[in-house]
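For reference, the structure is listed below as structure tokens.
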Amino acid sequence: MPFIPHTAEDTAAMLARIGVADIERLFDEIPSGLRVNEFDCIGKGLTEAEISRLMHERASADKQPLCFLGAGAYDHYVPAAVWDIATRGEFYSAYTPYQAEASQGTLQVIYEFQSMVTSLTGLDVANASLYDGASAFAEACLMAVRANRKSESRRILVPRTMHPTYRAVAQTILAGQSLELVELPMRDGRTALSALQALATEEFAAVAVQQPNFFGALEPVDELTDWAHGHGGMLIAVANPIALAVLKPPGKWGADGADIACGEGQPLGIPLSAGGPYFGYMASKESIIRQMPGRIVGRTVDLDGNPGFTLTLQAREQHIRRSRATSNICTNQGLMVTAATIYMSLLGADGLRQAALACHANTRALVEGLTELPGITRAFDAPYFHEAVLRLDRPAPELLGALAAQGILGGYDLSADYPELEPALLVCATEARSGGDIQRYLQAAADLLFESGRATG
Amino acid sequence: MTMTEPIIFEYRGSRRQPFTPLSEVPANLPEDALRQDQLLMPQVSELQVVRHYTRLSQLNYSIDTNFYPLGSCTMKYNPRICNRLAMLPGFLARHPLAPEEQGQGFMQCLFELQQMLQQVTGMAEVSLTPMAGAQGELAGVAMIRAYHLSRGDGDRRQIIVPDAAHGTNPATATMCGCEVVEVATRPDGDLDLDALRTILGPKTAGIMLTNPSTLGVFERQIEAIAAAVHDVGGLLYYDGANLNAILGKILPVDMGFDVVHVNLHKTFSTPHGGGGPGSGAVGVGERLRPYLPVPIVERRDGAYVWADESDRPQTIGRLSTYMGNAGVLLRAYVYLRMLGDEGMQRVADFATLNANYLMTCLAEADFELAFPERRASHEFIVTLKKVTRDTGVKAMDFAKALLDRGMHAPTTYFPLMVPECLLIEPTETESKQVLDAFVASLVELRELAYSDPQQLTTAPHSTPVRRLDDVRAAKHPDLAWRGAPKPTSK
Amino acid sequence: MIEAPDNLKYTEAHEWLRLEDDGTVTLGITDHAQQALGELVFVDVPDAGDSFEVGDACAVVESVKAASDVYCPLAGTVTEANPALGDQPELINSGPYVEGWILRLEPQNPEYLEDMLDAEAYQQLVAGAED
């Protein structure tokens, strides 16, 4: 079912006009020895009803547990209007808005999105999106190295409290350009400011910090920003956009503010969807905008003087600057940005703030309930936003397995990424979890701990 | 005609009913970590939001509303069912870090998609994680570098790209720390093999090629090119931008390619979404297999599992936080299963038929082809240089005037080497009726270029806005709404 | 026909140079280059004190449709960059040889200036490229 509209008459007429006997002749420039003789890949095509049935079976085979897992992707409530509008054909099936006059809808959405991102981050300018949080962080590192005219260094100081996969992805992407990530150690679940002293004489292009960090804890962002600036480096903020509804925006960190902010946009109306598509956001000070990767939309006027929108500052990009471009990125995550823009419009400042505070409160309720149980304590004292680390008296998989049996996704086992914390569990309760949901978790955990307590006691 | 819609921030309204219950527990966050200023966001009702974004959508041209013959972009119909099925609750609610046993249905789809893309490209193994074509390119060149480095051949840093290549090719090579060497194209559209031979040598890491090329023709010397590159120890990268033209007809592996990326948002009909998300799955031959980016789905003991760094110690690593653009992968999977083997070949058949038909019609109407002696692949190039010389009307003016006729413009000014060019790709999902109307429009526009050139040079006239002042946009960037009270950033 | 004053030296990369009385060299892009680029929207100039080798990118000129590195034709240290270009990049369009100068540098080897193209040779180069 390849969605081909041609009638037999059409095809015959077209072939006659071209002057060939059959379609096969149109491939006569391909060396015949290279042609596929028998194409056997996936068998017969399915009808829409057949594939529909198959996919329903596959989707329903996948469990839908009650989610207390975060670790970079969060189960927020997404209002119905978000995807109803975002999947309208005019958004869904449009191309990148290179022909501005035929793309004002997409362009204005991006302009509004950029406005919202600058508002969340407290920075001057934002781009139209990058692929996801991790790749946005990698791009931010490259941008900082290009933008820092005070330093020739290609080293970035990155805290151990930064999302482990962000660091891994940055490693992959930055390896080719010989950037080096230097790890900044942690203490009590936060970046250890004391470690900075030993680094005072070394040169870095930038210091990065994640707020809240991978453990959900709040970092000493003001001190880190000032230290970076005092040592000739830029400051890269990686921040959860929902948290920024209540937390101090990166543009206000320290005396001069972060230079670049980036992060995962998924919390803004994008479903968990097994890991993607999400989007990365990026904002910066205006002074370094020409080092920013990705598309940017600007407002201007048309021939009649009416306001309109267009892609701008394109000389940074690969289609113009080729090997000297700021990045190779072309396609970004446009549709996700459309959804996020609608999401932020629906919630508004109050709604975003309420969602953020409800996440914080729910996680507190969960953490306080769990730490009343025997064998569970908080791993760190640091204040946290909507995730926290619990120290367990047993391997995390034991608790997670028991919870899974009750249909609960109980958190993220930190043992692989942070063996020094073992056994420890990262938990999260968003605003989408009810008091009853949290009770279910507490009860299931209590049952397990009580059971095993009785068995050993 | 002017149709403007206020910026969402300019509406005033309110939404009283929250989407989720409010928190009654007081926040326990340190004062110095909190936002001090008012967060500037739209303050509007749900109807205002719905109406605003619905109206904005109506200012767009899209495949669902317009013919969209944008060369090199493969703007074919995006079947609605692909979206519907990728958005089933079981898939949408899956947390990326949920245990494998809770996502076997999802993982089976990915596993089978990996296998299908292996078959379509002839490669030994596929990784689905790259999130767009450019990231697939990055993965590919990084793997080529890793391969040379593993052999103690680290001086191979030159990546050869044709002068007609997409900008992402040279930009990717730079991102991978390689040096870009351009090779010229001959007047007949094929690569200058002699020039290539003078460039090749002990510093050659590889060559990046699109075939059919960005010039809309099949590179006939591909076997000789592959042999020449392999002879000096280089590898061949296949940019899958134009795979639609040869789907099921010829496999990249048979052309001698060592690594490929496939744009699922082109060939496999996942939506372009106004600029993404895409997906740039990569496939490799045996030599590069150890370096594939992770995660990859494997089947072990009847279950689907993620293979990661511990299973693949030589991997170039991760490119995304989780599993690439998973939802895009599901859409492509649905599309491929609906096509089947025969359907895939019919895609190439009719994409090629439509392009050659359009090319013939335009040639008969005396439009000048960039490569008149060649077959079109799934796209072809018209050059308007004579019209421009005679009338001053440029390719961009034709593009804008087509918008007035309800058609999206073809790609203009790419490839850079063909003056005043239109790169036209109709795709297989357009009917003869639509193609005939397009030819008629171009003929009419050329007549106008001679009789009333100003109509074209001032086009478009009927779009929501007219031509925009790009110089002003770049010189005085207005990139965010700054009306009303706005927190001043430092 | 493009303008190319006789008192300047030129490069094949469409830059012009002028030896000043104080021994510094002023650098800009030619009339031909600015025409090819179109209206400039941004010029990125180096800071005073920056040093460049021959062939280093020392400035960037950007129009809506193109961006081009200016490659330093003489090794040296920048003494001054044109401060007006920040707000008015279009000065390069209106007066590429006068108000649109880009930077001045203290050359390491001013004698290399002699090897560069004179106005006539540069005019021929441009004419040849347009055939």
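In the text below, chain A, chain B and the rest are named by the order of the sequence lines, each starting its count at 1.
- Taking 4.0 Å as the cut-off between side-chain N and carboxylate O, B:Asp478 and A:Arg299 count as a salt-bridged pair.
- The ring-ring contact (aromatic ring centres under 6.0 Å, His included) test applied to A:His319 returns A:Tyr98, not counting sequence neighbours.
- For B:Ala474, the parts sitting under 4.5 Å from any heavy atom of chain A are the backbone and the side chain alike.
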Legend entry - Intermediate values then yes/no, salt bridge (Lys or Arg N to Asp or Glu O under 4.0 Å), A:Arg88 and B:Asp64: CA-CA 9 Å; A:Arg88 284 180 61 92; B:Asp64 283 6; over 6 Å; no

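- Interface remark: of the candidates B:Val328, B:Val347, B:Leu22, B:Thr172, B:Thr172 forms the most heavy-atom pairs closer than 4.5 Å to chain A.
- Ring geometry, A:Phe309 versus A:Tyr111: the interplanar angle falls from 30° to 60°, so the pair is classed tilted.
- With chain A as partner, the option from B:Ser23, B:Ser62, B:Pro42 having the largest number of non-hydrogen pairs under 4.5 angstrom is B:Ser62.
- With a threshold of 4.5 angstrom between heavy atoms, A:Asn362 does not approach chain B through any atom at all.
- By the 6.0 Å and 45° rule, A:Arg35 stacks over the aromatic ring of A:Phe27.
- Your options are B:Ile222, B:Asn66, B:Thr20, B:Asn28, and the one with the most heavy-atom pairs under 4.5 Å with chain A is B:Asn28.
- With a threshold of 4.5 angstrom between heavy atoms, A:Gln64 approaches chain B through side-chain atoms but not through N, CA, C or O.
- Shown here are the ring-ring contact (aromatic ring centres under 6.0 Å, His included) partners of B:Tyr322, two or more places apart in sequence or in another chain: there are none.
- Heavy atoms closer than 4.5 Å to chain B are found in the side chain of A:Leu409, but not in its backbone.
- Of the listed residues (B:Pro30, B:Gly103, B:Pro21, B:Cys178), the greatest number of heavy-atom pairs within a distance under 4.5 Å of chain A belongs to B:Gly103.
- Annotation: maximal heavy-atom pairing with chain A below 4.5 Å, among B:Pro293, B:Ala399, B:Gly133, B:Pro79, occurs at B:Pro79.
- The aromatic rings of B:Phe414 and B:His166 lie parallel to each other, with less than 30° between the two planes, well short of the 60° mark.
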